[in-house]
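For the numbers below, each heavy atom of this structure counts, side chains included, while hydrogens, waters and symmetry mates do not. Just so it is clear: chains get the letters A, B, ... in the order the sequence lines come, proteins before strands, and each one is counted from 1.
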Amino acid sequence: MAQFGADDLRPDQLAALHRRITGWFAETARDLPWRERHCSPWGVLVSEIMLQQTPVVRVLPVWREWLERWPTPAALAGEPAGEAVRSWGRLGYPRRALRLHSAAAAIVRDHGGSVPGNYTELLALPGVGSYTAAAVAAFAFGRRETVVDTNIRRVHARLVSGVALPSPSLNAAEMRLAAELLPDDVGTSVHWNAAVMELGALVCTARAPKCADCPVRDSCAWLAAGEPPPSYVPKGQAWHGTDRQVRGAVMAVLRLADAPVPAEMFQREPADLGFAADGIGVPLSALHRLNSAPEQLERAMAGLLGDGLAELHQGGYRLPA
DNA sequence: GAACCGTGGGG
DNA sequence: TCCCCAAGGTT
């Protein structure tokens with residue numbers, strides 16, 4: 001389909017976008033701990049992993065606990081993976097905790113305990129994909145990188161391409177556009193990446209964008225086009241009755257337990273659970289959420305074991321030691 | 001490329 | 001209440 005690209009912007013127009021959006025950022029950016037000067041690259045890396053698909057407000061308290069407890073990659077790598085999973089709390093997608101633990105070990109093993117500063121080495125770390133590698137290189141090391149996340153994609157889609165939403169999945173055209181929009185100056189490029197991301201998070205939001213507060217509303221191709229609706233309907237993820245729901249309930253129990261949870265406890269009828277909740281530190285309310293078809297529970301447990309999120313020990317399930 | 005992987009707050 | 005979706009990555 002024919003969309004506008006950076007080719008339609010004159011150099012002076014592009015410079016004006018850079019100036020307005022970074023200026024807006026300088027005035028209104030949130031004070032986030034991983035943005036502070038003294039924050040270590042490790043702190044930035046931890047924040048980026050936690051922020052994958054998880055809102056800032058929920059990440060903040062967990063990030064603080066993590067950095068206090070594990071101020072360096074070596075500190076985390078020196079503890080069992082299960083401790084990372086447990087302290088992940090309810091951030092969701094607990095495989096991220098596992099991968100972050102593996103990444104810490106790789107940093108100790110391959111990089112002398114210091115987070116690497118270039119894109120390629122970052123990309124090789126477990127749980128670090130193209131977005132996170134670029135973000136850490138830019139925000140922790142001041143590199144000029146083409147950072148593309150869901151916020152940046154949405155801002156580009158509206159501001160430049162004139163459509164309500166970016167394509168369902170990141171494509172080469174979007175990467176090219178982002179690269180063309182990136183300021184040449186290294187320092188400015190870092191601010192630009194952070195600023196566009198912040199604009200997407202606070203103003204150019206997915207639902208009900210606050211266009212009245214937008215510093216570049218008079219340059220927005222989507223507004224100029226009369227706010228055309230999305231050309232497709234994003235399909236949501238199923239939840240009720242899925243394996244993921246069961247996995248989540250199981251993990252909630254394992255995080256709370258201070259001893260291996262007997263396998264039979266996952267198979268009892270809810271009314272029948274009182275027998276063994278004592279001694280493992282798990283409230284009945286958590287166990288009641290496990291009420292699901294035996295076949296599905298078995299599938300979920302097998303998945304968790306296969307992912308390394310749980311292990312069998314003395315006839316019970318526990319977080320990995 | 002599509003499917004899968006958690007969680008909870010806001011509209 | 002229900003649905004959307006949030007600084008993605010891996011298979």
Side-chain angles (χ1 to χ4, degrees), chain A residues 25 29-30 32-35 43-63 85 88-100 102-103 122-140 145-155 164-172 174 178 190 193-202 204-210 230 232-255 286 289 299-300 302-304 306-310:
Chain A
F25 182 68
R30 294 168 290 181
L32 301 174
W34 45 83
R35 284 177 176 168
V44 174
L45 174 60
V46 172
S47 80
E48 291 299 344
I49 301 289
M50 288 184 173
L51 287 164
Q52 292 169 1
Q53 304 287 283
T54 305
V56 167
V57 288
R58 222 177 310 161
V59 165
L60 274 169
V62 183
W63 183 89
V85 174
W88 195 252
R90 305 188 65 79
L91 286 184
Y93 292 148
R95 289 188 291 190
R96 291 182 293 166
L98 222 45
R99 292 181 180 137
L100 191 44
S102 296
L122 284 162
L123 190 61
L125 296 174
V128 175
S130 59
Y131 160 74
T132 303
V136 172
F139 302 141
E145 301 285 345
T146 304
V147 178
V148 179
D149 78 323
T150 187
N151 290 308
I152 290 176
R153 294 182 65 214
R154 189 173 53 251
V155 171
L165 296 174
S167 65
S169 60
L170 178 60
N171 58 44
E174 286 178 88
V190 174
N193 282 323
V196 176
M197 205 177 306
E198 189 82 340
L199 186 65
L202 299 183
C204 195
T205 50
R207 286 180 298 182
K210 304 170 182 63
Y232 68 95
V233 180
K235 54 176 180 180
Q237 297 177 334
W239 174 248
H240 286 288
T242 64
D243 286 0
R244 270 198 301 168
Q245 185 179 32
V246 179
R247 288 169 58 113
V250 170
M251 290 303 296
V253 169
L254 296 188
R255 281 195 305 268
R289 302 176 59 185
R299 200 167 54 238
L304 291 174
D307 288 343
L309 281 167

Side chains of Y93(A) and Q53(A), heavy atoms from C-beta outward: is any pair under 4.5 Å? yes
Check against side chain to side chain contact (heavy atoms under 4.5 Å, CB included), L100(A) and R96(A): CA-CA 6 Å; L100(A) 191 44; R96(A) 291 182 293 166; over 6 Å; no
Inter-nucleotide P distance (dT11(C), dG6(B)), Å rounded: 14 Å
State, without any angle test, whether E48(A) and Y131(A) hold a side-chain donor-acceptor pair at a distance under 3.5 Å. yes
On DNA chain C, compare the nucleotides closest to L125(A) and E198(A); which residue's is nearer the 5' end? E198(A)
Gap in Å between the two P atoms, one belonging to dA7(C) and one to dC4(B), rounded: 24 Å
Across the strands shown, which category fits R153(A) at heavy-atom distances under 4.0 angstrom: base, sugar-phosphate, nothing? nothing
Under the side-chain hydrogen bond (donor to acceptor under 3.5 Å, both in side chains) rule, collect the residues that match up with N193(A), sequence neighbours excluded. none
Nearest heavy-atom approach of S130(A) to L123(A) is N-CD1, 3.6 Å
What is the nucleic acid contact for W34(A), judged by heavy atoms within less than 4.0 Å: base, sugar-phosphate only, or nothing? base
How is A135(A) classified with respect to the nucleic acid when contacts are heavy atoms under 4.0 Å: base, sugar-phosphate, or nothing? nothing
Is it the case that the side chain of R154(A) and the backbone of G200(A) share a donor-acceptor pair, with hydrogens and angles ignored and the cut-off at 3.5 Å? yes
First of R154(A) and P126(A) reached from the 5' end of DNA chain C, by closest nucleotide: R154(A)
Where along nucleotides 4-11 of chain B does protein come under 4.0 Å, by heavy atom, of base (B) or sugar-phosphate alone (S), with - for untouched nucleotides? -BBBBBB-
Across the strands shown, which category fits T150(A) at heavy-atom distances under 4.0 angstrom: base, sugar-phosphate, nothing? sugar-phosphate
Outer limits of DNA chain C sitting under 4.0 Å from a non-hydrogen atom of chain A, read 5' to 3', are dC4(C) to dT10(C)
I want to check something: taking the side chain as every heavy atom from C-beta on, are L51(A) and W34(A) in contact at a cut-off of under 4.5 Å? yes
Any luck finding a side-chain donor-acceptor pair between Q237(A) and R244(A) under 3.5 Å? yes
Taking every heavy atom of R247(A) against every heavy atom of A300(A), the minimum-distance pair comes out as CG-CB, 3.8 Å
